[in-house]
Chemist: 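Provided herewith is a single structure, encoded as structure tokens, for subsequent inquiry.
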Amino acid sequence: SAFIVGSSSGATGTVVVTGGFLLVTNNTFTLGSSGIGTLTSSNGTVLATNLVMGSAAGSTGTLNIAGGTIVVTNSTQTASFDNRLGTVTMNSGTLTVDQLFVTNGSSSTFTFNGGTLNTSSRTSITNGSAFLVGGTAGSRTATWNITGGTNVLGNGMTLGSAAGSTGTVVVSGANTVVTNMGNLVV
């Protein structure tokens with residue numbers, strides 16, 4: 001069965017992971033199905049086979065990563081992290097996903113201030129904004145490891161956008177393709 005945080009219209013649900021393991025490997029983990037769903041990770045591990053943020057009109061998903069590890073994967077590397085209607089703020093920790101989708105205009109955002117993002121199969125960031133690696137809150141280091149698949153940055157990418165911040169992108173894998181359709185600012 002599914003794990004849904006914020007399942008009904010007008011409902012608000014919150015999950016805070018400060019240690020241990022949260023395993024959602026039998027179905028989709030949804031933050032904001034029809035309501036508002038929030039996951040905050042400051043330590044510990046979250047493992048899911050699919051993660052959807054804001055799955056229906058009027059819903060909102062929020063993911064705050066301040067530490068720990070979040071992994072969205074399966075054995076065929078087709079698990080998806082789909083930010084449809086939501087906000088991701090990553091300040092530290094590790095996020096590892098097979099497929100990452102941030103594609104719904106200003107309704108889906110990903111602020112990557114610090115930590116490590118690993119993508120292995122497919123990425124599409126086409127939400128109308130440049131993807132910031134080492135973003136808006138200074139003196140942080142952000143690293144994005146792209147290890148395979150087809151990856152599209154529809155509005156460009158900025159590395160190290162705030163004073164004191166560092167952004168690094170590492171592309172590896174024999175069949176890895178990265179298409180940047182906007183400006184690359186370093």
Side-chain angles (χ1 to χ4, degrees), residues 3-6 12-25 28-32 36-55 59-74 79-104 106-125 127 129-147 151 153 157-162 164-170:
F3 188 94
I4 301 171
V5 181
T12 299
T14 301
V15 174
V16 178
V17 178
T18 59
F21 292 91
L22 173 60
L23 304 175
V24 185
T25 57
T28 298
F29 185 178
T30 302
L31 298 174
I36 298 169
T38 301
L39 170 63
T40 299
S41 170
S42 63
N43 204 348
T45 301
V46 176
L47 177 61
T49 52
N50 288 295
L51 176 60
V52 175
M53 296 177 53
S55 65
S59 65
T60 302
T62 301
L63 175 59
N64 300 307
I65 307 171
T69 301
I70 298 176
V71 179
V72 181
T73 191
N74 61 25
S80 67
F81 177 163
D82 189 358
N83 181 1
R84 298 176 189 171
L85 299 168
T87 301
V88 177
T89 303
M90 186 170 177
N91 291 319
S92 63
T94 302
L95 174 61
T96 300
V97 300
D98 293 340
Q99 300 183 95
L100 174 63
F101 302 102
V102 183
T103 58
N104 199 19
S106 62
S107 296
S108 66
T109 63
F110 192 128
T111 303
F112 185 20
N113 293 319
T116 302
L117 171 63
N118 302 305
T119 58
S120 62
S121 180
R122 182 175 172 201
T123 301
S124 181
I125 301 175
N127 63 344
S129 298
F131 187 53
L132 306 179
V133 179
T136 60
S139 296
R140 295 208 175 119
T141 299
T143 302
W144 181 15
N145 297 305
I146 307 170
T147 61
N151 304 274
L153 299 164
M157 178 170 47
T158 300
L159 305 177
S161 68
S165 67
T166 302
T168 303
V169 176
V170 179

Chemist: Keeping N91 on the side-chain end and G114 on the backbone end, is there a donor-acceptor pair under 3.5 Å?
Modeler: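 Between the backbone of G114 and the side chain of N91 there is no qualifying donor-acceptor contact (under 3.5 Å).
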Chemist: Holding to ring-ring contact (aromatic ring centres under 6.0 Å, His included), I want the full list of residues that pass it with F101, two or more places apart in sequence or in another chain.
Modeler: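 Counting only residues at least two positions away or on another chain, F101 forms no ring-ring contact (aromatic ring centres under 6.0 Å, His included).
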Chemist: Does the S108 side chain pair with the main chain of L85, one donor and one acceptor, at a distance under 3.5 Å?
Modeler: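 Absent.
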Chemist: Could you report the tightest heavy-atom contact between S55 and S59, atom names first, then the distance?
Modeler: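 Scanning both residues, the minimum pair turns out to be N-OG, 3.3 Å.
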Chemist: To the nearest 0.5 Å, what is the distance between OG on S80 and CZ on R122?
Modeler: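 Rounded to the nearest 0.5 Å, the OG-CZ separation comes to 9.5 Å.
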Chemist: If you take all heavy atoms of T14 and V5, which pair is closest and at what distance?
Modeler: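 Shortest heavy-atom contact: N-CG1, 3.7 Å.
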Chemist: Salt bridge (Lys or Arg N to Asp or Glu O under 4.0 Å) with D82: which residues, sequence neighbours excluded?
Modeler: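 Residues passing salt bridge (Lys or Arg N to Asp or Glu O under 4.0 Å) with D82: R84.
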Chemist: Could you check whether any side-chain heavy atom of V88 comes within less than 4.5 Å of a side-chain heavy atom of F112, counting everything from C-beta outward?
Modeler: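 The answer is no, as the side chains (C-beta and beyond) never meet within the 4.5 Å cut-off.
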Chemist: Scan the side chains in residues 38-48 for donor-acceptor partners under 3.5 Å anywhere in the protein, sequence neighbours excluded, and list what turns up.
Modeler:
{"from": "T40", "atom 1": "OG1", "to": "N64", "atom 2": "ND2", "distance (Å)": "3.4"}
{"from": "S41", "atom 1": "OG", "to": "G67", "atom 2": "O", "distance (Å)": "2.9"}

Chemist: Would a 4.5 Å heavy-atom cut-off, applied to side chains only, mark N83 and N127 as touching?
Modeler: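 Side chain of N83 against side chain of N127, heavy atoms only: no contact under 4.5 Å found.
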Chemist: Are any non-hydrogen side-chain atoms of L153 and I125 less than 4.5 angstrom apart?
Modeler: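 L153 reaches I125 side chain to side chain.
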Chemist: Please lay out, stage by stage, how V133 and L159 fare under the test side chain to side chain contact (heavy atoms under 4.5 Å, CB included).
Modeler: CA-CA 5 Å; V133 179; L159 305 177; 3.7 Å; yes
Chemist: Look only at the side chain of T166 and the backbone of T141, and say whether a donor-acceptor pair between them is shorter than 3.5 Å.
Modeler: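 No, the answer is negative, given that no donor and acceptor are paired below the 3.5 Å cut-off.
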Chemist: Taking side chain as C-beta onward, heavy atoms only, is L63 less than 4.5 Å from I70?
Modeler: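 L63 reaches I70 side chain to side chain.
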Chemist: With respect to L100, which candidate in L51, N151, L117 satisfies the side-chain contact (heavy atoms from CB on, under 4.5 Å) definition?
Modeler: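 Of all the options given, the one that passes is L117.
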Chemist: Taking only residues two or more places apart in sequence, or in another chain, which ones meet N145 in a side chain to side chain donor-acceptor pair (under 3.5 Å)?
Modeler: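 Side chain to side chain donor-acceptor pair (under 3.5 Å) list for N145, sorted by chain: N118.
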Chemist: Would the distance check show the side chain of T116 and the main-chain N or O of T143 forming a donor-acceptor pair, the cut-off being under 3.5 Å?
Modeler: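 No, the answer is negative, given that no donor and acceptor are paired below the 3.5 Å cut-off.
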Chemist: Taking the side chain as C-beta and beyond, is there a heavy-atom pair between L132 and T111 under 4.5 Å?
Modeler: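 L132 does not reach T111 side chain to side chain.
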Chemist: Could you measure the distance from the CD1 atom of I65 to the CG atom of L95? Nearest 0.5 Å is fine.
Modeler: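 If I round to the nearest 0.5 Å, the distance is 4.5 Å.
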Chemist: So, applying side-chain contact (heavy atoms from CB on, under 4.5 Å) with T28, which one of N50, T49, I4 is it?
Modeler: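 In the set N50, T49, I4, the residue that makes a side-chain contact (heavy atoms from CB on, under 4.5 Å) with T28 is N50.
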Chemist: Go through the structure and list residues passing side chain to side chain donor-acceptor pair (under 3.5 Å) with T73, not counting sequence neighbours.
Modeler: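 T73: side chain to side chain donor-acceptor pair (under 3.5 Å) contacts with D98.
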Chemist: Taking the side chain as everything from C-beta on, heavy atoms only, tell me whether F29 gets closer than 4.5 Å to L22.
Modeler: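 SC-SC contact between F29 and L22 confirmed.
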Chemist: Can you name the ring-ring contact (aromatic ring centres under 6.0 Å, His included) partners of F131, sequence neighbours left out?
Modeler: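 Residues passing ring-ring contact (aromatic ring centres under 6.0 Å, His included) with F131: F110, W144.
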Chemist: Any idea which heavy atoms bring M53 and G61 closest together, and the distance?
Modeler: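 So the minimum-distance heavy-atom pair works out to CE-O, 3.2 Å.
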